[in-house]
Amino acid sequence: RIIRENLGEYIALGEDGEITAKLLGRLRYQAVDKSELPSVGDWVAAKVAKDQGRATIHALLPRKSAFIRKAAGKELEDQVVAANVETVFIVMGLDQNFNLRRIERYLSLAFESGATPVILLNKADLCEDLDERVSEVEAVVLGVEVHPLSATKNIGLEVLDRYIAPGLTVAFLGSSGVGKSTIINTLLGSDRLKTAEVILEGSRGRHTTTFRELILLPSGGMVIDTPGMREIQVTGDEEGLKQVFGDILELAQRCKFNDCSHEAEIGCAVKQAVSDGQLLEERLESYLKLKKEFAYQKGRQEMRAAALEEARWKKISQLQKDIKSRGKK
């Protein structure tokens, strides 16, 4: 299993322990984008060299779950953040980092992954209106479990035992400075992962994790630590979006027009719910924004797939011409 990836280098773990691995050139060449390459948490078939010093990865085995985001920047490629995970912990700080709209964004990706999302509200010791904050989150996550805790004070962490058991893998996701590494250090019983104080103004955190890593816990469970993600652009087929905003989709069934955009149409039940105070306008804006992002990314992916297919057939055509040319000689 791949337990660490950094700049194209892999560390894999097998029954004989850790080993450095590289990807067979053919697999890298055939991959359409980064999501088809091994990532942390993936199972691979690898051939170990006789000296046992290195291994070559020959195949990526099917994933049962994968947390995927669009690669940062202008690239069209998808990027696997964590694979083969049972539970995704979405960590949010109860300081100035607190942001309901960011939780909705993470949740839409978590539901797409196939893993079960759980919300962890860290830094509960710094929050004066804890019950109110928890209620705000529960109102937008629609049935997803929410747990307040304090990693630095070791308060509430026992709830994680429900999800972390021998043979199971969990992943911690969240922006920089929310306390992911501190939580994992507590689970490990040692300060293995580097942590840093949060910049107080605006509660911005520094990137203390710079690569993804799968860590074996004393309990027998496994955890994947990920770098804080400032940019979490969505990707997928909108299934996650439907689960996060089920309340809006239910309202939409009562709209006058089946193709209602919920922006300016007459007879829009969703806009009426906002006017009546049944639905927060900020939540509707978040839904519409994410829906547009999903549609935009889907369109770009389809264009890229068409371009790749065209390039592939051009390559095949050129090979055929070369073969015919050699035959004439």
Side-chain angles (χ1 to χ4, degrees), residues 82 85-107 109-110 115-165 168 170-210 213 215 217-219 221-230 232 244 280 282-283 286:
V85 170
E86 277 76 28
T87 301
V88 174
F89 290 119
I90 299 171
V91 187
M92 176 68 63
L94 286 168
D95 48 12
Q96 293 183 58
N97 177 275
F98 184 79
N99 188 315
L100 291 174
R101 308 288 77 86
R102 189 181 299 135
I103 289 178
E104 291 168 343
R105 182 175 288 264
Y106 269 114
L107 264 183
L109 293 180
T116 300
V118 174
I119 309 296
L120 300 182
L121 300 178
N122 193 24
K123 307 182 184 181
D125 55 308
L126 303 178
C127 185
E128 297 180 356
D129 51 353
L130 180 59
D131 291 341
E132 181 179 342
R133 288 296 197 194
V134 172
S135 296
E136 288 178 5
V137 174
E138 289 177 337
V140 301
V141 299
L142 303 177
V144 175
E145 294 195 23
V146 180
H147 302 293
L149 52 85
S150 172
T152 57
K153 302 295 183 180
N154 201 7
I155 298 172
L157 291 175
E158 64 277 359
V159 74
L160 301 183
D161 294 337
R162 282 191 217 168
Y163 310 96
I164 303 174
L168 299 182
V170 301
F172 286 84
L173 300 165
S175 55
S176 300
V178 296
K180 301 187 301 297
S181 295
T182 303
I183 295 173
I184 296 173
N185 281 339
T186 302
L187 293 172
L188 286 168
S190 64
D191 293 335
R192 170 174 171 173
L193 302 182
K194 182 181 177 182
T195 61
E197 292 297 322
V198 173
I199 301 171
L200 293 179
E201 183 179 352
S203 292
R204 292 180 292 110
R206 305 189 194 107
H207 284 294
T208 53
T209 302
T210 57
E213 181 178 17
I215 303 167
L217 298 174
S219 65
M222 290 157 281
V223 59
I224 295 178
D225 186 28
T226 65
M229 291 182 284
R230 294 192 182 98
I232 44 173
V244 176
L280 289 175
E282 294 86 350
R283 181 163 171 79
S286 177

- Message: side-chain contact (heavy atoms from CB on, under 4.5 Å), that's the test. Do Asn122 and Val178 meet it? Break it down for me.
- Response: CA-CA 7 Å; Asn122 193 24; Val178 296; 5.7 Å; no
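- Residues Ser175 and Lys180 share a closest heavy-atom pair of O-NZ, 3.4 Å.
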- Message: Would Leu280 and Leu100 count as a side-chain contact (heavy atoms from CB on, under 4.5 Å) here? Give the steps.
- Response: CA-CA 12 Å; Leu280 289 175; Leu100 291 174; 5.8 Å; no
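- For the pair Val140 and Arg101, the minimum side-chain heavy-atom distance is below 4.5 Å.
- Between atom CG of residue Leu121 and atom CD1 of residue Ile103 there is a gap of 6.0 Å, rounded to the nearest 0.5 Å.
- From Leu94, atom CG reaches atom NZ of Lys123 across 9.0 Å, with rounding to the nearest 0.5 Å.
- Counting all heavy atoms, side chain and backbone alike, Ser219 lies closest to Ile164 at OG-CG2, 3.9 Å.
- Here Ile215 contributes atom CD1 and Phe172 contributes atom CZ; the two are 10.0 Å apart, rounded to the nearest 0.5 Å.
- The CG atom of Leu142 sits 9.0 Å away from atom CD of Glu104, with the distance rounded to the nearest 0.5 Å.
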- What's the verdict on side-chain contact (heavy atoms from CB on, under 4.5 Å) for Leu160 and Phe89, showing C-alpha distance, side-chain angles and the deciding distance? CA-CA 10 Å; Leu160 301 183; Phe89 290 119; 3.9 Å; yes
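- For the atom pair CG (Leu187) and OG1 (Thr182), the distance works out to 11.0 Å, reported to the nearest 0.5 Å.
- The shortest non-hydrogen separation linking Pro117 to Val144 is O-CG1, 3.3 Å.
- Side-chain atoms of Ser135 come within 3.5 Å of backbone atoms of Asp131 as a donor-acceptor pair (strictly under, hydrogens ignored).
- Screening Val118, Val223, Ile184, Val88 for a side chain to side chain contact (heavy atoms under 4.5 Å, CB included) with Val170, the sole residue that qualifies is Val223.
- Between Leu149 and the choices Thr186, Asp125, Leu120, Asn154, the side chain to side chain contact (heavy atoms under 4.5 Å, CB included) rule is met once, by Leu120.
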- Query: So Met92 and Arg133, side-chain contact (heavy atoms from CB on, under 4.5 Å) or not? Walk me through it.
  - Reply: CA-CA 11 Å; Met92 176 68 63; Arg133 288 296 197 194; over 6 Å; no
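- Minimum interatomic distance between Ala82 and Ala171 (heavy atoms only, all atoms of both residues): CB-CB, 4.1 Å.
- Between atom CD1 of residue Ile119 and atom CD1 of residue Ile90 there is a gap of 4.0 Å, rounded to the nearest 0.5 Å.
- Arg102 and Asn97 get closest at one heavy-atom pair: NH1-O, 3.1 Å.
- Between Tyr106 and Leu173, the shortest heavy-atom distance links the atoms CE2-CB, 4.3 Å.
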